[in-house]
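No experiment lies behind these values; they were computed from the predicted model shown. Order of the sequence lines fixes the chain letters, A, B, ..., with proteins taken first and strands second; residue numbering starts at 1 for each chain.
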Protein chains: 2
Amino acid sequence: MTQPETLAFHAHDHAHCAGDTLARAEALAAEQGLRLTPVRRRVLQLLLEAHRAMGAYEVLDRLAAEGFGNQPPVAYRALEFLVENGFAHRLHRLNAFAACMHPGEDHSPVFLICRSCDAVAEAPADPVRRALAEAGEAAGFAIERMTVEAMGLCPACRAAEAA
Amino acid sequence: MTQPETLAFHAHDHAHCAGDTLARAEALAAEQGLRLTPVRRRVLQLLLEAHRAMGAYEVLDRLAAEGFGNQPPVAYRALEFLVENGFAHRLHRLNAFAACMHPGEDHSPVFLICRSCDAVAEAPADPVRRALAEAGEAAGFAIERMTVEAMGLCPACRAAEAA
DNA sequence: AGCCGAATGTGATTTTGTAACATGACGCAG
DNA sequence: CTGCGTCATGTTACAAAATCACATTCGGCT
């Protein structure tokens, strides 16, 4: 796996946006009475700092190196908590997880995943959700959650490939 | 895993629609010079008959019982072939595979997956694809393939749950 | 016949994900 | 403050999903 450091595809100050998002997440957790414990906070931080999708075992390795538990459930439980409460997302195509860049907002987003550099971006989901809801209704199907993941080329890799 | 036998959510003659689709697939394969070998044909048939999503190992068990190889690659290779050539789809949320009901037509469809009975339906994808393409363009992202899977309740389970 | 590439078979291994159970921390009713 | 319930964590073991590497076989072709 390569190591791009982009999630939104534009250049920006990662340290800042990561810290910022973590702060928002903490506020949100406090507000909702959710316990953002050390493991959980650290996992969220890892995802935010990496600024890309990470596999559960990659997260686990980092945790273990820092003195947390070193068995799979440690990572999976923290990740599950983050996903369930909207602080992170699961990317099924990659078997991986990424921090949510808009905690508390726009859930069940659309993901754009670069096949060349593994960068992941969250895109506005409303139009897609509406189209999908319509398709569901036509079939009498009650949609509860949706997974939308698009594979392709991010702007940078697109330029690189054209060269 | 329960055993619903619905894929489109409406009652219909499974044997007929399965046979029909298999015939179309065979014609299509011949036309494109693809080799629909015994294992591959049998896997497609299994998926069509089951009329729901099946895991790779479930497929493998059936194959083994019928005298084909009994090691994972046997199933995975056949499934990969079917998916790559549009005869089947992979459902990432379920780590499972389902026969394509419209081979040769409308690829990269939208899936409606019932969380209660595991039934899977392919829904019209064009509106969703359009919405998604727009979101991609706005980010400068070139979409190549999309995965759209909606979890929810199919009409039957919806009715059952209301009771 | 002899060759070639594609498809299959097989064994082993890696990667990903869970089940089950023990321990420790914290709040709170008595 | 003590004992109880609950939640989070840790750990062992295991199950499920997927891939690697290599041998073999099958068709078509010359």
Side-chain angles (χ1 to χ4, degrees), chain A residues 1-2 25-26 29-30 32-47 53-85 87-98 118 147 149, chain B residues 1 25-26 29-30 32-47 52-85 87-98 118 147 149:
Chain A
M1 211 178 243
T2 55
E26 285 185 347
Q32 304 185 329
L34 297 172
R35 301 178 51 187
L36 202 49
T37 61
V39 212
R40 292 168 180 176
R41 169 181 289 103
R42 187 62 190 124
V43 170
L44 180 52
Q45 212 169 38
L46 284 171
L47 292 176
M54 292 177 80
Y57 280 73
E58 198 180 347
V59 169
L60 179 58
D61 287 346
R62 308 289 234 92
L63 289 178
E66 297 176 16
F68 293 96
N70 59 1
Q71 297 302 314
V74 172
Y76 279 102
R77 285 195 285 236
L79 289 166
E80 184 188 14
F81 170 89
L82 294 173
V83 169
E84 279 192 348
N85 295 289
F87 301 120
H89 299 292
R90 179 169 203 150
L91 295 155
H92 284 87
R93 285 195 79 120
L94 304 179
N95 288 336
F97 301 82
D118 284 334
T147 300
E149 301 175 10
Chain B
M1 208 178 247
E26 285 186 347
Q32 303 184 330
L34 297 172
R35 300 178 52 187
L36 201 49
T37 61
V39 212
R40 292 169 179 174
R41 169 182 288 104
R42 186 65 189 123
V43 171
L44 179 53
Q45 211 169 38
L46 284 171
L47 292 177
R52 63 187 169 88
M54 292 178 80
Y57 280 73
E58 199 181 344
V59 170
L60 178 58
D61 287 347
R62 308 290 234 92
L63 289 178
E66 297 176 16
F68 294 96
N70 58 1
Q71 297 300 314
V74 172
Y76 279 102
R77 285 195 285 236
L79 290 166
E80 184 188 13
F81 170 88
L82 294 173
V83 169
E84 279 191 349
N85 295 289
F87 300 120
H89 298 291
R90 178 169 202 149
L91 296 155
H92 289 271
R93 284 195 79 123
L94 304 179
N95 288 334
F97 301 81
D118 284 335
T147 300
E149 300 175 9

Given protein heavy atoms under 4.0 Å, the one-letter contact record of nucleotides 17-30 of chain D, with B base, S sugar-phosphate only and - none, is simply BBBB----------
Does a side-chain heavy-atom distance below 4.5 Å link A/Tyr76 with A/Phe81? no
Please confirm whether the backbone N or O of A/Leu91 pairs with a side-chain atom of A/Glu149, one donor and one acceptor, at under 3.5 Å?
no
Output for pair (B/Glu66 CD, B/Leu46 CG), nearest 0.5 Å, gives 6.0 Å
When rounded to whole Å, the CE to P distance for the pair A/Met54 and C/dG17 reads 14 Å
Here the distance between atom C1' of D/dG10 and atom CG of A/Leu60, to the nearest Å, is 12 Å
Here the distance between atom P of C/dA7 and atom CG of B/Leu63, to the nearest Å, is 17 Å
Q. Got A/Leu82 and A/Phe97 here, is their nearest side-chain heavy-atom distance under 4.5 Å?
A. no
Distance col, row A/Thr147:OG1 vs A/Arg93:CZ, nearest 0.5 angstrom, shows 11.5 Å
B/Leu79 CG to C/dA7 P, in whole Å, measures 15 Å
Rounded to 10°, the angle between the first-five-pair and last-five-pair axes of the helix from C/dA1-D/dT30 to C/dG30-D/dC1 is 10°
Between CD of B/Glu84 and P of C/dA7 the distance, given in whole Å, is 11 Å
A/Glu80 atom CD is separated from C/dG17 atom P, nearest whole Å, by 12 Å
d(B/Arg41 CZ, B/Glu26 CD) to nearest 0.5 Å is 4.0 Å
Check your understanding: Is a donor on one side and an acceptor on the other found under 3.5 Å between the side chain of A/Arg42 and the backbone of A/Leu63?
Key -> no
B/His92 NE2 to C/dG17 P, in whole Å, measures 13 Å
**Report entry** A/Arg62 CZ: over 12 foreign heavy atoms closer than 6.0 Å
**Finding:** no
Side chains of B/Asp118 and B/Arg52, heavy atoms from C-beta outward: is any pair under 4.5 Å? no
Here the distance between atom P of C/dG17 and atom CZ of B/Arg93, to the nearest Å, is 13 Å
